[in-house]
Amino acid sequence: MPSDEDQVRQRKQKLQELKEQGQDPFDIHSFDRTHTSAQVVAAIEAAETAAGDEDIDWQASGFETTVAGRLMAVRDQGKSIWADLHDASGKIQLWVTENELTGAAFEKFRELDIGDIIGVRGHAFRTRRGEPTVQLSEFQLLAKSLRPLPEKFHGLQDVEIRYRRRYLDLLANPQVREVFAKRTEALKAIRSYFDGRDFQEVSTPMMQPLYGGANARPFITHHNTLDMDLYLRIAPELYLKRLVVGGMERVYEIGRVFRNEGIDALHNPEFTILEGYQAYADYTDMMALFEELLRDIALAVNRCLQFTYRGHDIDLEPGWERKSLLDAIKEACGVDFSQLSTDEEAREACRDLELGDMTQDNWAALLDKCFDRYVAPNLIQPTFVIDYPVRVSPLAKRLPDRPHLVARFEPFIGGEEIGNAFSELNDPVDQRERFEAQARAGLAGDAEAHPLDEDYLMAMEYGLPPTGGMGMGVDRVIMLLTGCTNLREVILFPQLRPEES
RNA sequence: GUGCCGUUAGCUCAGGUGGUAGAGCAUCUGACUUUUAAUCAGAGGGUCGCAGGUUCGAGUCCUGCACGGCACACCA
């Protein structure tokens, strides 16, 4: 009431008074409910169905229920109060009247604040206006909310607060809850796909003595007892292939990987990757796998293979287009990398393109730039880009008829790369040479060069069967299927700079 | 990393050319027994992101910094 008190102080004051009356809500450990809000609604509908054409006398055929949740709205009419209670399943309206919730209890309900967690018991019915409702006979405060919630009509708009305090975003914005529910469905669909084909789900180390399996800069951490630095994995690939050496013929892992690189709408330092390996299969099998997997995920998330992304209508029907990487680049910007061998030649050939500063770029970097600038944005319908040069693919098997290329593809949807797959290189002699070439690139200044991994080579020397492998950026696929254009919208707690203290 | 834009009440947002900081929701007081963005009457609430500068006077102009967004660069 006094003007210098803000809403937090008012609420703390109420809590203090409750404690002084021996009614500390934080003393409560559990609360048994008979229904969720959705179950109350369903039970009301069931009662109506049972009654058929006859009008229901809710006084007689309503039922007792106990529900719990967060008080999200209050419409006080004096002797009668309407309120909305939200729980994980949805919401249910509450009706508080003096003749059912008598005397002091009625006044106590009025002391509640929006945001409080309460448990209620009462009589379920449907109002004249058609709203499923519980008329309270008693209630209990289960947790006091000390801070005011965001405004109900506009929700929470400030993106910075939405990411930093995602719980408020989830409370205030139903469509955000929907996106993360879809994310869960997507992950279930992925597991269902692999489990149904006899793949074994495994967990491999996130802390690795040597990183590998992708081209990226790692995070470094330190183990005190071992007194050694460890890398957070940039990919699970090399461990999963060790498992294939060990006779696990079909394995997959869904897990977090960590890459010490820039943060933007398409990159978070930690993100969720799917990798799968299938012995006795090759990259064409992985193409079929991708088509089926994306179909299953889309059906789980959207119940439909067609969706719209950034204004493009996209169709995930299997039978995706295939495009040669080098041909596509040549068509799009006129540079034929198959005719270029040195870094200098590549820079010369790209001289007139809009690629920014090329002085630090080697052949592989320029290839990437040309592709990202001129080809990828146009790969809207699902497309497999195939026939990658061996020099940018240190872990993939060569094509027998064109040994400078490898049996590899990257799938693109909506102009975005969503994965990577190849026939796994299983020749330990060739693998050692590729690692050594990467090591030379590293010495020459390529910060993302793949390090030489003797332990992995040893495993391969025992014999890796011919194997097809695939990786997929789970977050990016979920972005596409939910229509989000920013990775942060599908990661619950995206990385941000700390707030100023 | 570079450029552009943003930061005003708990939340959502207004605030030409520099002149006492506004609204809606939320909060508080009062009225109201079928409301559901309830309604009606009234009230309180601000370090205008932070720090400097210009000016008689800065939310507004200038500089720096912080955080965020977008684009580019880097990068799956």
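Below, chain A is the first sequence line, B the second, and so on; all start at residue 1.
Using P as the reference atom, G46(B) and G6(B) are 26 Å apart when rounded to the nearest Å. A gap of 14 Å separates the C1' atoms of U12(B) and U7(B), to the nearest Å. Comparing A26(B) with A43(B), their C1' atoms sit 14 Å apart, to the nearest whole Å. Straight-line distance between the P atoms of G53(B) and C70(B): roughly 35 Å, to the nearest whole Å. One P atom belongs to U36(B), the other to C25(B), and the distance between them is 14 Å to the nearest Å. G19(B) and A71(B): their C1' atoms are spaced 39 Å apart (whole Å).
When each of G1(B), G69(B), C11(B) is scored by its nearest atom to the side-chain atoms of P150(A), the top-ranked nucleotide is C11(B). Side-chain atoms of D84(A) lie closest to U36(B) of the nucleotides U36(B), G68(B), C28(B). Candidate nucleotides C13(B), G69(B), C70(B) were compared by shortest atom distance to the side chain of N486(A), and C70(B) ranks first. Listed nucleotides A37(B), U12(B), G68(B) differ in distance to H154(A); the shortest reach to its side chain belongs to U12(B). In the set A37(B), U33(B), U27(B), the nucleotide with an atom closest to the side chain of T97(A) is U33(B). Distances were taken from every side-chain heavy atom of Q10(A) (C-beta onward) to each of G69(B), U36(B), C28(B); the shortest belongs to C28(B). Taking only side-chain atoms of D264(A), from C-beta outward, the nucleotide of G69(B), U12(B), A73(B) with the closest atom is A73(B). Counting only heavy atoms from C-beta on, E160(A) has its side chain closest to G68(B) among G68(B), U12(B), U36(B). Looking at the side chain of F153(A), the nearest of the listed nucleotides G69(B), A37(B), C70(B) is A37(B). Looking at the side chain of Q157(A), the nearest of the listed nucleotides C67(B), G10(B), C13(B) is C13(B).
Contacts of L496(A) with the nucleic acid, taken as non-hydrogen atoms under 4.0 Å apart, involve only primed sugar atoms and P, OP1 or OP2. Among the atoms of the strands shown, base atoms are found under 4.0 Å from some heavy atom of Q77(A). Y163(A) comes within 4.0 angstrom of sugar-phosphate atoms only, judged by non-hydrogen atoms across all strands, and of no base. In this structure, I161(A) reaches the sugar-phosphate backbone alone: every heavy-atom distance under 4.0 Å involves primed, P, OP1 or OP2 atoms, never a base. When heavy atoms are screened at a 4.0 angstrom cut-off, E448(A) is found touching the sugar-phosphate backbone but no base atom. Residue A216(A) is in sugar-phosphate contact alone, with no base atom involved, counting any heavy-atom pair closer than 4.0 Å across all strands shown.
Once rounded to the nearest 0.5 Å, the distance linking CD1 of I478(A) with CD1 of I418(A) reads 11.5 Å.
If you take CD of E261(A) and P of G1(B), they are 15 Å apart, rounded to a whole angstrom. Across the protein-nucleic acid pair, R147(A) atom CZ and A9(B) atom C1' stand 16 Å apart, rounded to whole Å. In this entry the distance linking CE of M72(A) with P of C25(B) reads 18 Å, nearest Å. As rounded to whole Å, 17 Å separates atom C1' of U33(B) from atom CD of E131(A). What separates CZ of F106(A) from P of U33(B) is a distance of 9 Å, to the nearest Å. Atom CG in N268(A) sits roughly 12 Å away from atom P in G68(B) (whole-Å rounding). Distance, D76(A) CG to U36(B) P: 14 Å, rounded to whole Å. With rounding to whole Å, W82(A) atom CH2 is found 18 Å from C32(B) atom P.
Both I263(A) and R164(A) lie near RNA chain B, and the one whose nearest nucleotide falls closer to the 5' end is R164(A). If K91(A) and R497(A) are placed on RNA chain B by their nearest nucleotide, the residue sitting closer to the 5' end is K91(A).
Ion pairing between R233(A) and E253(A) holds under the 4.0 Å rule for side-chain N and carboxylate O. Electrostatic pairing of D327(A) and K330(A) does not count as a salt bridge here, judged by no charged N lying under 4.0 Å from a carboxylate O. Salt bridge annotation for R351(A)-E348(A): present, with a cationic side-chain nitrogen under 4.0 angstrom from a carboxylate oxygen. Comment: E270(A) engages R256(A) in a salt bridge, judged by a side-chain N to carboxylate O separation of less than 4.0 angstrom.
Considering only heavy atoms from C-beta on, V134(A) comes within 4.5 Å of L94(A) through its side chain. Looking at heavy atoms from C-beta onward, V477(A) lies out of side-chain contact with I413(A) at the 4.5 angstrom threshold. No side-chain heavy atom of R259(A) sits under 4.5 Å from any side-chain heavy atom of H267(A). For the pair E489(A)/Q175(A), no side-chain contact is recorded, criterion being any heavy-atom separation below 4.5 Å from C-beta on. For the pair L293(A) and M472(A), the minimum side-chain heavy-atom distance is below 4.5 Å.
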So F412(A) and F371(A), ring-ring contact (aromatic ring centres under 6.0 Å, His included) or not? Walk me through it.
CA-CA 12 Å; F412(A) 282 79; F371(A) 180 79; 5.2 Å; yes
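Aromatic rings from H35(A) and F63(A) are positioned such that their centres are separated by under 6.0 Å. The ring of F409(A) has its center closer than 6.0 angstrom to the ring center of F290(A).
Under the 3.5 Å distance criterion, with hydrogens and angles disregarded, no donor-acceptor pair is assigned to the side chains of N268(A) and R488(A).
Taking K182(A) as the reference, nothing meets the salt bridge (Lys or Arg N to Asp or Glu O under 4.0 Å) condition, with sequence neighbours excluded.
Residue R488(A) has a polar side-chain atom (N or O) positioned under 4.0 Å from OP1 or OP2 of C70(B). Contact annotation: R75(A) side-chain N/O to U36(B) OP1/OP2 distance is not under 4.0 Å. Not one side-chain nitrogen or oxygen of K152(A) sits closer than 4.0 Å to the OP1 or OP2 atom of C11(B).
Residues in residues 113-126 of chain A take part in these side chain to side chain donor-acceptor pair (under 3.5 Å) pairs, two or more places apart or across chains: K14(A)-D113(A), E48(A)-R126(A), E64(A)-R121(A), D113(A)-K144(A), D116(A)-K144(A), R121(A)-E138(A).
Using a 4.0 Å cut-off on heavy atoms, the residues of residues 112-125 of chain A that approach RNA chain B are I114(A), listed by number. Of the residues in residues 468-482 of chain A, those placing a heavy atom less than 4.0 Å from an atom of RNA chain B are R476(A), in numerical order. Of the residues in residues 372-393 of chain A, those with a non-hydrogen atom less than 4.0 angstrom from any atom of RNA chain B are D372(A).
Shortest non-hydrogen contact noted between I114(A) and M72(A) is CG2-O, 3.7 Å.
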Bracket string, RNA chain B, 5' to 3' - pairs by Watson-Crick or G-U geometry under 3.5 Å, | interstrand:
(((((((..((((.....[..)))).(((((.......))))).....(((((..]....))))))))))))....
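Taking 3.5 Å as the limit, the base of A26(B) and the side chain of Q7(A) contain a donor-acceptor pair of atoms between them.
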